[in-house]
Colleague: 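Let me begin by handing over the structure; questions about it come next.
Just so it is clear, the values below take in all heavy atoms, side chains as well, and ignore hydrogens, waters and symmetry mates.
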Amino acid sequence: MRHGKKFNHLGRQTAHRKAMLANMACSLIEHKRINTTVAKAKALRKFVEPLITKSKEDTTHNRRVVFSYLRNKFTVTELFKEVSVKVADRPGGYVRIIKLGNRQGDNASMAMVELVDYNELYNPKGNKAKKNTRRSRRGGAKKVEAAVETQTSQEEE
């Protein structure tokens, strides 16, 4: 039975799990993306998203609360200075989990965890650079005709 099981214990004691999630959250904030297992990625998302929400309001109390979870003052500084500015207008969903397949050694399902606003390649709502991929036959014919005309005029001279 799963009475009162609100989160994945990840097969670890409480202190080990808290330290592991704190270290993973520090790595995520520092490097903007990390690779881990899917179960740890889902646990990390539940751990780090409330901290990012707290970082939107830069007060001493919020810094101390976030520091009590992360235990790394450089990461807390980066979270409040850089990350919070970038996610200021986002109402939630700061972390994206992309499944990568299974790990070679033990066949564990792997995932990439990344901060959403730091990936410029995959931004479905962002402004995409307009590409001119449609080519009309007529436009190409004009270019060919112009090239032929310039060739013939050069040959005549």
Colleague: Indicate yes or no: at least one non-hydrogen side-chain atom of R33 is less than 4.5 angstrom from one of L115.
Modeller: no

Colleague: If we ignore hydrogens and angles and just use 3.5 Å, is the side chain of N62 paired with the main-chain N or O of E57 as donor and acceptor?
Modeller: yes

Colleague: Any donor-acceptor pair under 3.5 Å linking the side chain of R2 with the backbone of K5?
Modeller: yes

Colleague: Could you tell me whether E78 and K32 make a salt bridge, using a distance below 4.0 angstrom between a side-chain N and a carboxylate O?
Modeller: yes

Colleague: Can you see which heavy atom on C26 is nearest to which on L70, and at what distance?
Modeller: SG-O, 3.7 Å

Colleague: R90 versus D117: any side-chain heavy-atom pair under 4.5 Å?
Modeller: yes

Colleague: Determine whether L10 and M20 make a side-chain contact, defined as any pair of heavy atoms from C-beta on separated by less than 4.5 Å.
Modeller: yes

Colleague: Tracing side-chain links under 4.5 Å among I, L, V, M, F, W and Y, which residues wind up in one group with M110?
Modeller: I98, L100, M112

Colleague: Find out whether I34 and L44 are in side-chain contact, i.e. whether some heavy atom of one side chain is under 4.5 Å from a heavy atom of the other.
Modeller: yes

Colleague: Are any non-hydrogen side-chain atoms of Y118 and V83 less than 4.5 angstrom apart?
Modeller: yes

Colleague: Once rounded to the nearest 0.5 Å, what's the spacing between atom OG of S84 and atom CD1 of I52?
Modeller: 10.0 Å

Colleague: Report the hydrophobic cluster partners of F7, with the cluster defined as I, L, V, M, F, W, Y residues connected by side-chain heavy atoms closer than 4.5 angstrom, directly or transitively.
Modeller: none

Colleague: When you look at V85 and K81, which way does the side chain to side chain contact (heavy atoms under 4.5 Å, CB included) test go after all the steps?
Modeller: CA-CA 7 Å; V85 172; K81 296 274 185 197; over 6 Å; no

Colleague: Enumerate the residue pairs fulfilling ring-ring contact (aromatic ring centres under 6.0 Å, His included) with a member in residues 70-112, sequence neighbours excluded, ordered by first and then second residue.
Modeller: none

Colleague: Search all heavy atoms of V113 against all heavy atoms of A41 and return the closest pair with its distance.
Modeller: CG2-CB, 3.3 Å

